Amino acid sequence: MLDRTVGTPKKRGRARSLGVVALAACTGLVLSACGSTKDTVSSDGDGDGTGKVGVILPLLTSPFWQSYNDYVPKMAKSEGVDALKTVNSNSDPSQQITDINNQLNQGVKGLVVAPLDSAAIEAGLDQAERKGVPVVAVDVAPEKGKVAMVVRANNVAYGEQACDYLGKHITSGKVVQIMGDLASVNGRDRSEAFRACVKEKFPKLKVLEIPAKWESDTAASKLDTLLNANPDIKGIYMQAGGVYLAPTLQTLKSKGLLKKTGEAGHIAIVSNDGIPQEFDAIRKGEIDATVSQPADLYAKYGMYYIKAAMAGKTFKVGPTDHDSEIVKLSSGILEDQLPAPLVTKENVDDPDLWGNSVG
């Protein structure tokens, strides 16, 4: 599906997180075994970073996760990681714990996991810790449990970017945010940030909300009901284009509300993922913008950090040389916040965007 390996992106501005502790200037050893990234690290063990690595996906029904899944073997090879075939937890947090157990029983020396539920994943993390197996979390930060690193973008910034775009293009009226699963920190961060930003910066906008749990059918049904009662909607923020794009556009079309940008009655839409389908919708004028969540870099740095952790390396807060910032969350967990640019018609054809490298 992918025709090339994506390397370090051009500078696009560092993500910043709300509620993190102040960053400290750090010095340390260069992790030469894992590429050119000069994150500050220290060695707590004598491991050599080798061994089988299990990779557990949350789902495969979204084009975003399909793309991540395709990147995994490519990035594992480029980072020198012996990754097993990926395992799909199929949107079931309980199944994800079972999947972690199964991988541990196969004798993996490391795990890269994209948690479905920020709280429920603790059980799996505890099992890995008891066996001395390091874990890197991708996309979602656990509320508790031990992980070597969270590889993620700033989800607070996702909600704020969507708010800023809609607020600057809509002077007043009703806007809808189609939310993700609020059992996930991602759903909570995006929802709370969007809501707070609108309240602070654009008080003439009224936010209506659809809790959709990352489910396309739920999003379509609830949006249909909401539009029946509120046909005067002026804007929509979709928190996951991979699952919400198609049902949202189809629902608007069925009601005669899908107007292209520039046409009278156009509903401004901002999405979140950066998949090719969103880029095509931007080019067609069906949606206005999307936040490009870095599927390629999630795979790349998931492999980078698990190799480091298996070699006994630990990390500290501070800037990296791949245009990101390692921060400490309120839970004490470290998170590498990767860049996630806003994509509009002005930059949708940028070849450095991972969504333009998918064949």
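Please read these numbers as outputs of a predicted model, since none were measured by experiment. When a residue number appears, it is its place in the shown sequence, counting from 1.
- Between atom CD of residue E325 and atom CG of residue D336 there is a gap of 9.0 Å, rounded to the nearest 0.5 Å.
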Check residues 275-283 and write down every donor-acceptor pair under 3.5 Å in which the side-chain atom is one partner and the other belongs to a residue at least two apart or another chain.
residue: E278; atom: OE1; partner: G274; partner atom: N; Å: 2.5
residue: E278; atom: OE1; partner: I275; partner atom: N; Å: 2.8
residue: E278; atom: OE1; partner: T290; partner atom: OG1; Å: 3.3
residue: E278; atom: OE2; partner: S271; partner atom: OG; Å: 2.4
residue: E278; atom: OE2; partner: N272; partner atom: N; Å: 3.4
residue: E278; atom: OE2; partner: T290; partner atom: OG1; Å: 3.0
residue: D280; atom: OD1; partner: R283; partner atom: NH1; Å: 3.0
residue: R283; atom: NE; partner: D349; partner atom: OD1; Å: 2.8
residue: R283; atom: NH2; partner: V348; partner atom: O; Å: 3.4
residue: R283; atom: NH2; partner: D349; partner atom: OD1; Å: 3.0
residue: R283; atom: NH2; partner: N356; partner atom: OD1; Å: 3.0

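- A donor-acceptor contact shorter than 3.5 Å links the side chain of K222 to the backbone of P211.
- Contacts classified as disulfide bond (SG atoms under 2.5 Å apart) and involving residues 318-354 (residues at least two apart or in different chains) are not found.
- The shortest heavy-atom contact between G235 and I170 is CA-CD1, 3.7 Å.
- Side-chain atoms of D99 and Q95 form a donor-acceptor pair, as typed in the model, at a separation below 3.5 Å.
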Exercise for review: In sequence, state the C-alpha distance, the side-chain angles, and the governing distance for Q127 and I97, and then conclude on side chain to side chain contact (heavy atoms under 4.5 Å, CB included).
Suggested key: CA-CA 9 Å; Q127 291 159 8; I97 304 305; 3.9 Å; yes
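- Under a 3.5 Å cut-off, the side chain of N90 and the backbone N or O of D92 do not form any donor-acceptor pair.
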Review point. Taking it one step at a time, do L182 and S191 satisfy side chain to side chain contact (heavy atoms under 4.5 Å, CB included)?
Key: CA-CA 8 Å; L182 299 181; S191 300; 3.8 Å; yes
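- Here the side chain of Q66 pairs a donor or acceptor atom with the backbone of L60 at under 3.5 angstrom.
- Side-chain heavy atoms closer than 4.5 Å link hydrophobic residues (I, L, V, M, F, W, Y) into clusters, and following such links, possibly through other members, connects Y165 to V198.
- Within the 3.5 Å criterion, the main-chain N or O of D217 finds no donor-acceptor partner in the side chain of S221.
- Between Y304 and Y301, the ring-plane angle classifies as perpendicular under the 30° and 60° cut-offs.
- Annotation: salt bridge (charged side-chain N to carboxylate O under 4.0 Å, His left out) contacts of K255 (sequence neighbours excluded): D224.
- Residue K213 qualifies as open at atom NZ: its count of foreign heavy atoms under 6.0 Å is 12 or below.
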Point to revise | Trace of the side chain to side chain contact (heavy atoms under 4.5 Å, CB included) decision for R152 with D189 | key: CA-CA 12 Å; R152 188 171 175 246; D189 278 357; 2.9 Å; yes
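- Rounded to the nearest 0.5 angstrom, K307 NZ and D82 CG are separated by 10.0 Å.
- N105 places a side-chain N or O within 3.5 Å of a backbone atom of N101 that can act as its donor or acceptor partner.
- Looking at every heavy atom in both residues, P142 comes nearest to I333 through O-CD1, 3.5 Å.
- With V147 as reference, V135 is the one residue of L334, V138, V135 to meet the side-chain contact (heavy atoms from CB on, under 4.5 Å) rule.
- Among residue pairs with one or both ends in residues 212-253, those qualifying as ring pair (Phe, Tyr, Trp, His ring centres under 6.0 Å) are F194-Y237; sequence neighbours excluded.
- The minimum heavy-atom distance linking P134 with M310 is given by the pair CG-CG, 3.9 Å.
- V53 is not connected to I121 by any chain of hydrophobic side-chain contacts under 4.5 Å among Ile, Leu, Val, Met, Phe, Trp and Tyr, and they are in different clusters.
- No donor-acceptor contact under 3.5 angstrom links the side chains of Q239 and Y158, judged on distance only.
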Exercise for review: Starting from the C-alpha separation in whole Å, work towards a yes-or-no answer on side chain to side chain contact (heavy atoms under 4.5 Å, CB included) for I233 and L208.
Suggested key: CA-CA 9 Å; I233 292 297; L208 306 178; 3.7 Å; yes
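- The backbone N or O of T251 sits less than 3.5 Å from a side-chain atom of S254, completing a donor-acceptor pair.
- If you chain together hydrophobic residues whose side chains sit under 4.5 Å apart, V291 and F202 fall into the same group.
- The shortest non-hydrogen separation linking D273 to G241 is OD2-N, 3.4 Å.
- A continuous path of Ile, Leu, Val, Met, Phe, Trp and Tyr side chains, each step under 4.5 Å between heavy atoms, connects I56 with L84, placing both in one hydrophobic cluster.
- A 4.5 Å side-chain heavy-atom check between K74 and D296 finds every atom pair outside the cut-off.
- Salt-bridge formation is not detected for the pair K144/E122: no Lys NZ or Arg NE/NH1/NH2 atom is positioned less than 4.0 Å from an Asp or Glu carboxylate oxygen.
- Without hydrogens or angle criteria, D288 side chain to I269 main chain gives a donor-acceptor distance under 3.5 Å.
- Of the possible polar contacts, none joining the H266 side chain to the G262 backbone as a donor-acceptor pair under 3.5 Å is found.
- Under the side-chain contact (heavy atoms from CB on, under 4.5 Å) rule, M179 has a single partner from M238, R195, R188, which is R195.
- Distance check, rounded to the nearest 0.5 Å: NZ of K206 to NZ of K174 gives 5.5 Å.
- Judged purely by atom type and a 3.5 angstrom limit, Y298 uses its side chain to pair as donor or acceptor with the backbone of A153.
- Here CD of E215 is found 10.5 Å from CG of L59. Values are rounded to the nearest 0.5 Å.
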Could you pull out every donor-acceptor pair under 3.5 Å between side chains of residues 108-118 and any protein atom, sequence neighbours left out?
residue: D117; atom: OD1; partner: A119; partner atom: N; Å: 2.9
residue: D117; atom: OD1; partner: A120; partner atom: N; Å: 2.9
residue: S118; atom: OG; partner: V185; partner atom: N; Å: 2.8

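- Aromatic pair Y71/Y68: centroids not less than 6.0 angstrom apart.
- Listed by first then second residue, pairs satisfying disulfide bond (SG atoms under 2.5 Å apart) with a partner in residues 107-217 read C163-C197, not counting sequence neighbours.
- Atom CD of residue Q161 and atom CG of residue L342 lie 5.5 Å apart, to the nearest 0.5 angstrom.
- Residue L226 is grouped with residue L249 when hydrophobic side chains (ILVMFWY) are merged at heavy-atom distances under 4.5 angstrom, including chains of intermediate members.
- Nearest heavy atom pair, residue N186 against residue D139, reads ND2-O, 2.9 Å.
- The distance from atom CG of N102 to atom CD of Q106, rounded to the nearest 0.5 Å, is 7.0 Å.
- Between the N347 side chain and the D350 main chain, no donor and acceptor come within less than 3.5 Å of each other.
- Between L125 and G145, the shortest heavy-atom distance links the atoms CD1-CA, 3.9 Å.
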